[in-house]
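Numbering of residues begins at 1 and proceeds along the displayed sequence.
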Amino acid sequence: MMHRSLIVSLLAVLSLAAPACSKDAGSTTKPEPAAAQSAKQDGAHAPSTVKPGSHEDWCGEHAVPESQCTRCNPDLIPAFKATGDWCAEHSLPESQCLKCNPGLKIVRPPKGS
């Protein structure tokens, strides 16, 4: 009985420590590129009022434009699938899939854009 309560307590603590936005649990990812790490320092998510494609339109957690981040906004997925821009293996837009396209560079627009 003591072991069961210990396990339940441990699971409760681990669930509280899980990242709020990560819906990509269980995936094996490489360490984040420096650009993604520096974006996190600028704030994890863009406010909904920013202009799409601007410097402020950036998801620091996933290093893609916030307006195109399917991990934070799954409602965007059907649009990517409809245009054929979808990697079913990694559940990402193909245009953002660094596993299938390791040479892909997703660059944050400069400030003032």
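With values rounded to the nearest 0.5 angstrom, K111 atom NZ is found 12.0 Å from S54 atom OG. A distance of 5.5 Å separates SG in C100 from CD in E89, rounded to the nearest 0.5 Å. Here C72 contributes atom SG and E61 contributes atom CD; the two are 5.5 Å apart, rounded to the nearest 0.5 Å.
At least one side-chain heavy atom of L92 sits less than 4.5 Å from a side-chain heavy atom of R71. In this structure the side chain of K51 never reaches within 4.5 angstrom of the side chain of E56, judged on heavy atoms. Residues I106 and P65 have side chains in contact (heavy-atom distance under 4.5 Å, counting atoms from C-beta outward).
A donor-acceptor pair under 3.5 Å links the side-chain atoms of N101 to the main chain of C97, judged by distance alone.
Contact between L104 and E94 at its shortest, heavy atoms only, is CD2-O, 4.5 Å. Minimum interatomic distance between H62 and C69 (heavy atoms only, all atoms of both residues): ND1-SG, 3.3 Å.
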Tell me which donor-acceptor pairs under 3.5 Å the side chains of residues 75-84 have, and how far apart each pair is, sequence neighbours excluded?
unit_1: T83; atom_1: OG1; unit_2: A79; atom_2: O; d: 3.4
unit_1: T83; atom_1: OG1; unit_2: F80; atom_2: O; d: 3.0

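Residues satisfying the side chain to side chain donor-acceptor pair (under 3.5 Å) criterion with Q68, sequence neighbours excluded, are absent altogether.
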